[in-house]
Amino acid sequence: MESDSDISTSFDVATDQNPNTNPPETTEEQLQTLTVDETYGVADLNETSNQRGMDEAENGSVVAEVDGRPEPQIEELLAGGPPTISAVSEAVEEVLDLSSAGDTLRDDFELEADPPLSPSSSGYAGERGSSITTSASGIEEVDGDEIDEIDEAMAPLDGSGDASSDSVPWIPGKKHVDEDDASISWRKRKKHFFVLSHSGKPIYSRYGDEYKLAGFSATLQAIISFVENGGDHVKFVRAGKHQVVFLVKGPIYLVCISCTEEPYEALRGQLDLIYGQTILILTKSVNRCFEKNPKFDMTPLLGGTDAVYSSLIHSFSWNPATFLHAYTCLPLAYPTRQAAGAILQDVAESGVLFAILMCKHKVVSLVGAQKASLHPDDMLLLSNFIVSCESFRTSESFSPICLPRYNPMAFLYAYVHYLDVDTYLVLLTTSSDAFYHLKDCRIRIEMVLLKSNVLSEVQRSMLDGGLRVEDLPPLDPSPRSGFLSLHLGQERLVTESQERLKEAYLGIGGPAGLWHFIYRSIFLDQYVSSEFSPPINSSSQQKRLCRAYQKLYASMHDRGIGPHKTQFRRDENYVLLCWMTQDFELYAAFDPLADKALAIETCNRVCQWVRDVENEIFLLGASPFSWYGCCLWCCKEWRWC
Amino acid sequence: MGLASTTTGSEGIQFCIFDLKRGQEEGQELDKILFFFPTDLPFSTQLSVIGLSEGLITFTRIFSPEAACEVIEAERHSHVFYQAEPDIWMVMVVEKNKEAEAIWRIGALQQVLKEVHSLFMMFHGSIRALLEKEPGGGLARSHLYFFVMDYLTDFLSGKKLQLPSFRDCLKERGTVQMLTVGREAAIEVQSLVRVVESACAGNAACSSLVLFQDLLVSTTLSPDDTVNLFAYAILRLTPLALSSGSSSWSYLRKGSPASLITTGFIPGNSVSVTEPTYTSRDTSPGRQGQRYHVPRPLQRDKWSKGKDGFLVLETSGAEVGGLNSSTPTVWLRQTDERMYLCVFQQKNLTIILLIPVSSMINGEQGISMVKRQILENASLKILKVDEKLSRGWGGENAYHVRGYRYLLFDGDRNVSRASPPGKVTTLSKDSLLSLNRLREEVDLEKNRARHDDPSHEKDLEVCIRAKNNAWVIARVTRGKELYMVLEKANETLLYASDAVEKFSNRYCNGAFSLD
């Protein structure tokens, strides 16, 4: 799974070319990338497209095709047995057959992730930051190397210390491939992720080369099965600051070794998402390969997907969706989103299962066919998959994907097309031959979006950003007369005093030391988070805050005794407030010296503000429950009690 | 005669002590095991528990060489680790069971392991030293067997071992509970201590502890040694501990008269019997016990009050390893010195006097002299102090604060104070579970802060309104910790904070106040 191997072929089909038109050619091309890695003696199938392409070649033809080339001898490192390429391809075929992907055609996965994917990262700040300043664009840490994180964490909150790390954009893809478990540097990485098979074969490792980690992987497997043999299931092991978290999903084992502060529940949730991402690429029918052959090597099936995993893992440290199980929308004027929704709805009625218009990780609009609903985790995994695969950007694509929460056993087909740099349309269907139809749909949608100025509004919203704590309006006890717009330029009502207040808060967050908040609407499955403002402006501070929220979330949602109703938490870094009701959850971060009473009052203001602008920040009516009728107006008692 | 069936209480709990230096060759693995409870578990099962533990100790060292493995959390069991001495590990495996209320806090279970080891060291010295003394391991095994079994007896509740669960979340093991005394009484106590300690002949450095009922009044020992001796006193020496059967209100005793080892097991005054079948790997400590004549300072009902007011430990002849004396000795960490343990009791007062063994050339005779001196010089003072303290003593609910259920804990001095257990039981299960969970979170944060920078003291405030509307509160500041449940404060966060503030100002000298 080394993404930076010497061979990197991309199979992007020219924009207007139907991927179906010329399958044999594609297959042949794809097969050429099937190489034998001499170093490890393992077939290095470095493109997902290879496997999928192979599927096209009729049974056994893979071997025939390869015949003309130097005889490739593949040795399985772990199994010791010498399966031939045909064995591998059989397995590959099987997966795809089982998953009814038999007739899929192509993919646009690209091996080499072309860095950098303009990082969308920081929630809101990223969008603003990428165009205005290079500093706030949600980067994890200097090229993802978590060794230095300890120092970061100890650094004072002034933000000056991390300036250098902020200017280096995060680059997707695997790092430190040269390491293995014998390397000191590898051992010191702050957060490892491993995926392995139940026979101990490595499938994925965040750092280091999977094949060199075979021994280590076998150890992990031994720990898991030792406990399983005793009739139990290991959840985690703790030693000092380190936590080893285990997750068993049938024949696939996932392990995280971390010395970050994240609680067990959060790390387990992350493993769950990594598993989901794997299912999104392969479907759960991959299990049957293991049933047939316990020593089945899954690595080739995931070849070239390093960028997908690394991007997902990166998102654990900036994207609240990874622990909130909710999605977020791009702020837009209500009529604009309505217009987008209307055309998507139109299309959905013509046999499209889901039509999603997204901008980076934010939803512009989303429509599902009758009764079909999309789980926020599926949206997260889908958008991560699309955003992290560079090839989606360069051409329209039709790709089999599986939505693990929707149906883990079957592939859907995703038509993906970028409408501009950040905005893309995803049309999901169950039919493998809907490419032309979806292409037509896309053309229609694109036309309407252009005509109704939705796309320019989207770009404008990206520039403007979302809610800013500095703009928090004062609590107004009287019934609101007008309608406070959050940011949409010309509509903004800014009084002189508000402007002055804003200046006063510059660099210290909003009123009462409010630094940041997240508001999650339970019925909508959506959340809105404020832009990161100073002093939460460096990526390490954003990451720390994200982890503090995770901890708060885990504490509030304790499985045994939760959910709690309210939590106030003050430590050296923050005052955190969490307030949960039947309708929403509010997470707010304040200056650690913030006054309790003022902080509470500020939370009330935030809630009121969010309600005032809900038309713009949420996608209403997408959920089976209409939040509008049911809880917004009848719930009078929404203050802290 | 014979080993009492130790299956009592075995369900759900395993406890083992092993030495990673031993049994490294294949086939010799049993040699690692120094203690295993339940004793009747097949060796293969014992080895499997130890194998997993050893595996994970090695594995976690890859990433965390500086901090040892602390816990394996599985769906049905928790494995709690404590590295007692270099390469000597204690592991407790507890079964989780929601119905049986078997919900644990890892930190509390670790405290149990730590306590049993500290007490063991106090009487027998380090496990390593015993292993070096007799490399076969029989000596260490038999000492551990009796000591740990006697210790575990205190957790027997009916036929089951009842380890500290979430219901004990307002208690802190390994701490001392103090009696608050007025200035005048304090002066009296001080002068009593002076008189008692001067009873030791010559210039020997004696130390003492004075307890009123189950509360500490005065100590001249180091904090570590104080904690150990205090724990021992509560378990076996105070008036409440002596009146066997009556249950103590201290967290340390459950007051169950049963024992994990039948009392008649070691025949009094018997001569050492060497079992012909004995091998160095024989882990059946029953036979070894007979072979080694192990003193059992934690055996129940062996202490009794003599006519002169001094407590006597019923011994079985040639006991007390190597020392020709019936007065037990303890080893002090601070001074690395063996001391005679001399206990005097009158009414509510228990006075523990520790006399360096090295200063007593003529052993028992010298001790008798000291005892006589105390009786002559201190009797009156003791009466007076007892009277004074009794007058100011508010009974077992003395430290109850209405409306609050709390635990106050000073980590620097190892002192804690808590709501009386009788009051804590009025809390709902949900409140206790919430606090238990919160304590677990705080433990993690504290450990983390300690690993990051040992000199940095964690500062933390958490107020949670639980599902049942109770406020569950934790405050950590400058080494002090306060945990609290407010069930009746059905009001706002500000109200709850205010309640903490008031408590802090009134009972903690404002340690947790914000200003």
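No experiment lies behind these values; they were computed from the predicted model shown.
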A:R206 NZ/CZ over A:F194 ring centroid, <6.0 Å and within 45° of normal:
no

Name the region of [X], side chain, backbone, both or neither, that has any atom closer than 4.5 Å to a heavy atom of chain B.
X      : value
A:L220 : side chain
A:F246 : neither
A:H242 : side chain

Engaged part of [X] at the chain A interface, taking heavy atoms whose separation is under 4.5 Å:
X      : answer
B:K458 : both
B:F63  : both
B:L444 : side chain

Looking at B:L438, B:I62, B:N447, B:T60, which makes the most heavy-atom pairs under 4.5 Å with chain A?
B:I62

Could you tell me which residues in residues 104-113 of chain B have at least one non-hydrogen atom under 4.5 Å from a non-hydrogen atom of chain A, sorted by residue number?
B:I106

Partners passing side chain to side chain contact (heavy atoms under 4.5 Å, CB included) against A:E265 (at least two apart in sequence or in another chain)
A:P263, A:A554, B:R437

If contact means a heavy atom pair closer than 4.5 Å, which residues of residues 223-232 of chain A contact chain B?
A:I223, A:F226, A:V227, A:G231, A:D232

Qualifying salt bridge (charged side-chain N to carboxylate O under 4.0 Å, His left out) pairs with a residue from residues 584-594 of chain A, counting only residues at least two apart or across chains
A:R520-A:E585

